[in-house]
Amino acid sequence: MLTLGVNIDHVATIRQARRTVEPDPIAAAVLAELAGADGITAHLREDRRHMQDRDIRLLRETVRTHLNLEMAATTEMVQIALMIKPDYVTLVPEKREEVTTEGGLDIAGQLDRLNSVVDKLQSASIPVSLFIDPEPAQIAAAAQIKAQFIELHTGRYAEAREPLQVQQELANLAKGCELAIEAGLRVNAGHGLTYWNVRPVACLPGMEELNIGHSIISRAVLVGIDRAIREMKAAMFGIN
Ligand SMILES: CC(=O)[C@@H](O)[C@H](O)COP(=O)(O)O
Ligand SMILES: NCC(=O)COP(=O)(O)O
């Protein structure tokens with residue numbers, strides 16, 4: 001059954017705009033779970049632009065579904081993950097200057113380094129997901145280093161505007177999903193998914209979890225987080 005991981009980073013983005021204590025992403029996570037979130041996703045960026053270390057510690061104590069910690073594959077982040085023990089880690093590429101995560105990990109280009117990070121996390125019983133573009137070489141590399149999951153980066157699909165381009169990007173995601181499952185990987189997806197574009201991705205055979213943040217939190221500012229999450233689940237499952 002397809003699940004929804006609600007990414008609460010942008011609750012922290014609003015708090016950090018004033019370096020104050022509200023809104024608290026921990027409260028948002030509790031409300032998200034009450035509204036039907038199947039998991040909570042949080043990205044602890046190296047520059048701490050939104051989530052803070054304290055948030056991750058408290059989320060670990062309070063999340064009742066599962067906690068997906070998104071992080072760069074750095075020594076500092078691996079230490080944090082080993083201490084926090086999230087339910088799974090998603091390794092993502094990070095650039096200080098980017099507005100948001102611009103592309104997937106180049107696993108094929110840093111196989112040894114990522115292999116060692118995946119090993120460290122898995123040795124501590126933390127399953128690992130790798131955030132990648134739907135490219136056959138990256139999928140093969142993810143299988144080679146024995147990650148349990150990949151998360152297909154849906155950014156190019158979300159940004160496509162011409163109908164043919166949208167279809168092409170969706171076909172790339174479908175092919176990526178199929179190749180990954182054949183290679184023994186479990187498949188999640190996310191980035192840039194909205195109420196309007198989520199359904200075709202939700203329908204891809206074998207898709208396990210969609211991680212969605214910006215669109216849900218944007219709607220939550222206007223209609224409340226409970227309604228925003230219930231409406232996203234309805235959009236995923238094609239319920240009007
Ligand atoms: C990896 C990913 O797609 C999301 O976690 C995204 O990075 C949300 O955080 P930012 O908006 O800081 O990029
Ligand atoms: N990994 C994707 C994610 O967690 C949420 O991305 P977005 O919906 O905020 O673009």
Side-chain angles (χ1 to χ4, degrees), residues 2-17 25 28-29 32 37-52 55-56 59 63 65-74 77 81 86-107 114 127-134 138 142 147 149-160 169 173 176 186-199 201-202 207-221 225 228-229 231-233 235-236:
L2 181 69
T3 58
L4 171 64
V6 174
N7 181 320
I8 53 169
D9 291 350
H10 298 302
V11 176
T13 301
I14 299 172
R15 178 191 61 192
Q16 296 310 112
D38 303 291
I40 299 295
T41 293
H43 183 174
L44 185 65
R45 277 185 173 266
E46 287 183 274
D47 63 9
R48 309 299 198 269
R49 69 173 69 162
H50 38 54
M51 301 304 298
Q52 305 296 304
D55 299 328
I56 304 299
L59 285 172
V63 165
T65 52
H66 60 256
L67 177 63
N68 166 25
L69 175 61
E70 292 186 332
M71 58 180 229
T74 62
M77 289 298 155
D87 295 291
Y88 70 96
V89 157
T90 302
L91 296 176
V92 304
E94 246 179 55
K95 285 199 231 113
R96 289 282 156 95
E97 63 280 12
E98 68 193 356
V99 171
T100 185
T101 314
E102 283 171 355
L105 281 171
D106 178 15
I107 310 175
L114 285 176
V128 180
S129 178
L130 301 171
F131 187 63
I132 59 173
D133 290 315
Q138 299 299 343
F149 295 86
I150 56 165
E151 177 169 322
L152 291 174
H153 191 325
T154 49
R156 287 207 298 249
Y157 161 76
E159 279 162 23
E169 294 300 342
L173 290 168
R186 297 173 67 181
V187 185
N188 300 333
H191 200 91
L193 294 176
T194 67
Y195 296 85
W196 299 276
N197 67 20
V198 71
R199 179 75 180 142
V201 179
M207 184 60 68
E208 292 203 27
E209 180 154 278
L210 299 181
N211 285 306
I212 309 180
H214 188 266
S215 185
I216 291 176
I217 302 307
S218 303
R219 196 177 193 84
V221 169
I225 196 163
I229 289 169
E231 288 180 357
M232 181 56 81
K233 286 204 98 168
M236 283 166 59

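Indexing begins at 1, ligand by ligand and atom by atom, following the structure's order.
For atom 13 (O) of ligand 1, the nearest protein heavy atom (residue, atom name, distance) is T100 OG1, 2.6 Å. Nearest protein heavy-atom contact of atom 3 (O) of ligand 1 is H191 ND1, 2.6 Å. Annotation: atom 4 (C) of ligand 1 to nearest protein heavy atom, E70 OE1, 3.3 Å. Here the heavy atom of the protein found nearest to atom 9 (O) of ligand 1 is D9 OD2, 3.2 Å. Atom 7 (O) of ligand 1 has T101 OG1, 2.5 Å as its closest protein atom, hydrogens excluded (heavy atom only).
Using a 4.5 Å heavy-atom threshold, the side chains of E151 and I132 count as separate.
Looking only at atom types and distance, the side chain of Q138 has no donor-acceptor partner in the side chain of H153 under 3.5 Å away. Residues T90 and E70 bring no donor and acceptor atom of their side chains to less than 3.5 Å of each other.
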List, pair by pair, the atoms of ligand 2 and of the protein that are both N or O and lie under 3.5 Å apart, giving the separation rounded to 0.1 Å.
unit_1   : atom_1 : unit_2 : atom_2 : d
ligand 2 : 1 (N)  : E70    : OE2    : 2.7
ligand 2 : 1 (N)  : E151   : OE2    : 2.5
ligand 2 : 4 (O)  : N7     : ND2    : 2.8
ligand 2 : 4 (O)  : E70    : OE2    : 3.2
ligand 2 : 8 (O)  : G213   : N      : 2.8
ligand 2 : 8 (O)  : H214   : N      : 3.4
ligand 2 : 9 (O)  : H214   : N      : 2.9
ligand 2 : 10 (O) : G192   : N      : 2.8

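Atoms of ligand 1 lying under 4.0 Å from any heavy atom of H10, numbered from 1 in the order shown and given with element: 11 (O). Counting atoms of ligand 1 from 1 in the listed order, those under 4.0 Å from a heavy atom of F131 are 1 (C), 3 (O). Set against the non-hydrogen atoms of H50, the atoms of ligand 1 under 4.0 Å away are 9 (O), 10 (P), 12 (O).
Of the heavy atoms in N211, none comes closer than 4.0 Å to ligand 1. When heavy-atom distances to ligand 1 are checked against a 4.0 Å cut-off, H214 has no atom that comes that close, whether in backbone or side chain.
Any N or O atom pair closer than 3.5 Å counts here, and R49 shares no such pair with ligand 1.
Using a non-hydrogen distance threshold of 4.0 Å, E98 does not register as a contact of ligand 1.
A salt bridge is defined here as a Lys NZ or Arg NE, NH1 or NH2 lying under 4.0 Å from an Asp or Glu carboxylate O, and D38 with K233 meets this definition. Using a 4.0 Å cut-off between charged side-chain N and carboxylate O, D47 and R49 make a salt bridge.
Between the T41 side chain and the I212 main chain, no donor and acceptor come within less than 3.5 Å of each other. No side-chain donor-acceptor contact under 3.5 Å links E98 to the backbone of E94. Remark: the backbone N or O of V11 is not paired with any side-chain donor or acceptor of H50 at under 3.5 angstrom. R199 places no side-chain N or O within donor-acceptor distance of the main-chain N or O of N197, the cut-off being under 3.5 Å.
Y88 and F149 have parallel rings, their planes meeting at less than 30° on a 0 to 90° scale where 60° marks the start of perpendicular.
In this structure, CD1 on I40 lies 11.0 Å from CG on D87, to the nearest 0.5 angstrom.
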